[in-house]
Enquirer: 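This is the structure I want to talk about, given as structure tokens.
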Amino acid sequence: MAENGIGVSVRRKEDNRFLIGKGRYTDDINVAGQTYAAFVRSPHAHATINGIDKSAAEASVGVIAVFTGDDLAADGIGPLICGVTVPSDDGEPHRAPAHPALAQGKVNYVGDHVAVVIAETQAQAREGAEKVGVDYTALPAVTDTGSAADDGQPQIHDVAPNNMCYNWPFGDKDAVEAAFASAHKVSTLDLVNNRMVTNPMEPRAALAEYNAGTEEITLHLTTQNPHVHRLVMSAFNQLAPEHKLRIVSPDVGGGFGAKIFVYAEELVVGWSCRKVNRPVKWTGDRTEAFLADAHGRDHVATAEMALDENGKFLAMRVMTKANLGAYLSTFATMVPSYLYAFLFAGQYTTPLIYSEVKTVFTNTAPVDASRGAGRPEATYLLERLVDVAAADMGLEPAEIRRRNFIPKDAFPYQTPVVQCYDSGDYETALDKALALADYDGFAARAEEAKSRGLRRGIGLSSYVEACGIAPSAAVGQLGAGVGLWESAQVRFNPTGNVQVFTGTHSHGQGHETTFAQLVTEQLGVPIENIEVIHGDTAKTQFGMGTYGSRSLAVGGVAIAKACEKLIAKGKKIAAHALEAAEGDIEFADGNFTIAGTDKAMNIAEVAFNAYVPHSYPEGLEPGFDENAFFDPMNFSFPAGTHICEVEVDPETGVVEIVKYSAVDDFGKLINPMIVEGQVHGGIVHGIGQALLEVCRYDSEGQLITATYMDYAMPRADNVPSFDVDYAPTDPPHNPLGVKGCGEAGAIGAPPAVINAITNALGVKHIDMPATPENVWRAAQGAA
Amino acid sequence: MYEFSYYKSGSVEDAVEAMNKAEDGKFVAGGQTMLPTMKHRLASPSDVIDLGGIAELSGISVDGDSVTIGAMTTHAEVAASGDVQAMIPALAQLASGIGDPAVRNQGTLGGSIANNDPAADYPAAVIALGATVKTNKREIAADDFFTGMFETALEDDELITAVSFPKADSAAYMKFENPASRYAIVGVFLAKTGSAVRVGVTGATPCAHRGMRLEEALNSNFSADACDGVEIPVEKMNTDIHASAEYRAHLVKVMTKRAVAACS
């Protein structure tokens, strides 16, 4: 093993610049002649625009220009697109209403973009924005997921009758019905998956510059996927041709999905810099983030499980309504469909699954991927339903899971819902988690808690997730507009240090360290001589970005493949220099050696030879710089069991998480410290959803949780120290043997927490977030 | 934030004079409510008169059986004060639980009670301890000071200079926090001096108030059980997305019982 190679908890290389205040975020970047944009946003959830009077704003001090949707349309810019097609049950594709970057005669949610004001200072831009006169006629609004498609509701888009986007049935309905008809028992559960605001720490921002000489736009953005932004903005939004558009995504302070999408502000800022021929900057504030970042989750579902007399799952049926908000965000259609229903098998052998997903438009912010994206919703539903089934059958929650696990010798395992799992050993993870949680000692702890007037509960969640989303051919068949490979370039400089260019993007994940560890392991170059570079379309050949826990499982492999090419070329160069046959050269620990001798050449010397090829193999290209693309054969399927233990104060409803144990299968760990940090962050995210977070609109469509005074984010004192361990398996199709770890906690935690609370109270179900009042009411009912 | 004129005053007289001259002036103490409100463009005073430089408004002193805290004394200073901890530990504990460290290092006693947020912590203590609010014009008894939601007995050009808290034999503050804002959904400050019990309740209603029914029950029987029979009027309670009126009424009782237990 290299000193700082695979499996070592190397301290994060990037942290130095963050800790000394030298991180460089979009808002930190200022350019000469910069102007500022402020957006006029709709105060109404649903209204027609009768007219926009720009005159007072244009006369306001410092204002350079005021633009509306007509100006964008005149230049042929937009509309924003949704990149994944989902078929509806009427044989038509999903309904795709126009999504103008600036409103065209109508606004459909509070925060919707009406106009932009460009001014000399940020304050002047905001003053100007307040002076734009918009004549609205307010319309009745629809916000409720469950009833948005009912007859008589206000209609948002003409192309989407009954506010329906699609009704997507999946599975063999008749076979499932037959299985239910002959089942020993049917367990049923109605639940809500609470809407969340994703809340990365850094708000979204954009800085656009236009060079009239080269006709190039450079757009600094808070994006998780700069090349995807460039592709969409070029090919679909007509902002500029791809070769005349450079997207730079510098340091980004968290994304969690919310920074995947192409947003109105980004497109408008990119376009307006050319209009005013000055650089334009926009930095969203927290209120704008609440109003206009894409939100997550927001499902209402009914789930049923058919069981035989031994508690074996015979069939599962799920009816879901999912809220997509006012317009389709970039990947919105995919989240409650392919990323959701294809996970319903979970860790179990359930042979028959039928699902119907109805997606609806409402007068709320667009809903799209948020950490886990569909998989948390699927896992929450399944793992809650399993607990309900256990209670119905009189089985212990661990036992009913064990009886239904896919056995470890059954992999690769084809589920009835498309996915073919790569590898897994669910029982080992469960056993390790039960030991880590001291499950057997729970009864005594519960008894002791009772003496303090508290009710103690324990809950399990055995999850599977699909990440490293792939392969391109499969996602293409599903209607995705992009491929999902990743690229890398590994470049030696003549002096022997290495620059690694990746198409993924790090916005907190520690890629600059993890990827350097891959390279030091493979090439034997000291880690301090390796720099990982990302986030600039002018530097990196291409890339699909970072989401869906894909960066290591897909992007890491591309880096490894580029390293393999360097080693192969290096053997040729070393063979020539060492006067040996290429076949006799071995490479290890950074040295090319003639097998069986001590004649060797370091890879840095080989690199130097490649750039100063005075004596060099005939016909071989100079240079020591290789690129590679990797398109995996399958998703990767991390899995694990999380166990949460809570104490509930029945008098107040306060839930304290007193113990949390997680045993995950992420395949091979490259940097265990970073992985553990990802697990911790994911669990906190999941606990936030389970106990604290909920995004609420009132019936008129006003967002009533638009600040941190009303939207409860989890804090350090809401969570205990976590006990984290691993039960790795080896995914056969991943050359590095890795899976993905970024979303697992957010997927595994919510059902573990709620299962613990329902266990403590002895109730069937409680919806998230399990706020003190909700828990208190449940405790009253159970008492 | 809209434009405004800023004035840093050097004395109470100076500050009042500046206020009288201003078109639509506002005193700013620690600014922990006012500045966010201005940043959100929800308030636009013409003049902001900063009290931060007025030395005479800060500090903690003990005089016999009472502790007097200058209006500009920060929550962190109250929390850390040996005098407050010795005289009225529950008051120090209350101060230590306001907001977060940044708020506690900036926010002040005077600013808090002058603002009279329905969910602020200090009003419960001022009421329960029967404190006296000292201003540049007069002294106001706690029971007369808090007059309604964000309303006090203060006149426009009246400045709180200090608050004098009499020592109680025992006191406790029980706060049920809003998980988002960490303001009090319900906060109950209970003070017992001799056989007299005073209960200050914040968060539950539009304005902090004395829990007279609870006091009555506890004056005759100082035990948690005595609270059980007290009817808390649900219809007077606040209701919002965090807690219904019914739940708040329940919490008033629970927090009071816990305060009684802490004082017993």
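The analysis underlying the following values was restricted to heavy atoms, covering all of them including side chains, and did not include hydrogens, waters or symmetry mates. Every chain is numbered from 1 and lettered A, B, ... according to where its sequence line falls, protein lines coming before strand lines.
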Enquirer: Is A:P714 close to chain B through its backbone or its side chain, or both, or neither, when contacts mean heavy atoms under 4.5 Å?
Expert: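 A:P714 has no heavy atom closer than 4.5 Å to chain B.
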Enquirer: Under 6.0 Å from the CD atom of B:E216, do we count more than 12 heavy atoms belonging to anything else shown?
Expert: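 Not buried by this count: 12 neighbours or fewer within 6.0 Å.
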Enquirer: Answer whether the closest heavy-atom distance between the side chains of B:V230 and B:I232 falls below 4.5 Å.
Expert: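 Result yes, sub-4.5 Å side-chain heavy-atom pair found.
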Enquirer: For A:V654, is it the side chain, the backbone, both or neither that has a heavy atom under 4.5 Å from a heavy atom of chain B?
Expert: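 Interface part for A:V654: side chain.
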Enquirer: Just give me the residue among B:K257, B:E3, B:R258 that pairs up with chain A most often, heavy atom to heavy atom, under 4.5 Å.
Expert: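 The answer is B:R258.
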Enquirer: Counting only non-hydrogen atoms closer than 4.5 Å, does B:L251 touch chain A with its backbone (N, CA, C, O), its side chain (CB onward), both, or neither?
Expert: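 B:L251 touches chain A through side-chain heavy atoms alone.
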Enquirer: Looking at B:H40, B:M255, B:H242, B:R182, which has the largest count of heavy-atom pairs under 4.5 Å with chain A?
Expert: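 Among B:H40, B:M255, B:H242, B:R182, the one with the most close pairs to chain A is B:R182.
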Enquirer: Side chain, backbone, both or neither: which part of A:E693 has an atom under 4.5 Å from a heavy atom of chain B?
Expert: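 Contact with chain B involves no heavy atom of A:E693 at all.
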Enquirer: Against chain B, label A:N718 side chain, backbone, both or neither, depending on which of its atoms sit under 4.5 Å from a heavy atom there.
Expert: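 For A:N718, the side chain is the part near chain B, not the backbone.
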Enquirer: Closest heavy-atom contact between A:A365 and A:H295?
Expert: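 Result for this residue pair: CB-CE1, 3.8 Å.
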Enquirer: Give, as side chain, backbone, both or neither, the part of A:D717 having an atom under 4.5 angstrom from any heavy atom of chain B.
Expert: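 When you check distances to chain B, only side chain atoms of A:D717 fall under 4.5 Å.
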Enquirer: Under 4.5 Å heavy-atom distance to chain B, tell me which part of A:L692 shows up: side chain, backbone, both or neither.
Expert: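 Looking at A:L692, just its side chain touches chain B.
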Enquirer: Do B:R41 and B:Y2 form a cation-pi contact, if we require the NZ or CZ to be under 6.0 Å from the six-membered ring centre and within 45 degrees of the ring's axis?
Expert: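 Here B:R41 passes the 6.0 Å and 45° test against B:Y2.
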Enquirer: If you count the non-hydrogen atoms of other residues, nucleotides and ligands that lie under 6.0 Å from CE in B:M1, is the total more than 12?
Expert: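 Correct, the count exceeds 12.
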Enquirer: Under a 4.5 Å heavy-atom cut-off, does chain B meet the side chain of A:T652, its backbone, both or neither?
Expert: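 Both the backbone and the side chain of A:T652 come within 4.5 Å of chain B.
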Enquirer: Could you check A:Y708, A:Y109, A:Y697 and say which one makes a ring-ring contact (aromatic ring centres under 6.0 Å, His included) with A:F290?
Expert: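 The option that passes is A:Y708.
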Enquirer: Using a 6.0 Å cut-off, check whether atom CD of B:E231 has over 12 heavy atoms from anything other than its own residue.
Expert: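 No - once you tally the heavy atoms of other residues, nucleotides and ligands closer than 6.0 Å, there are 12 at most.
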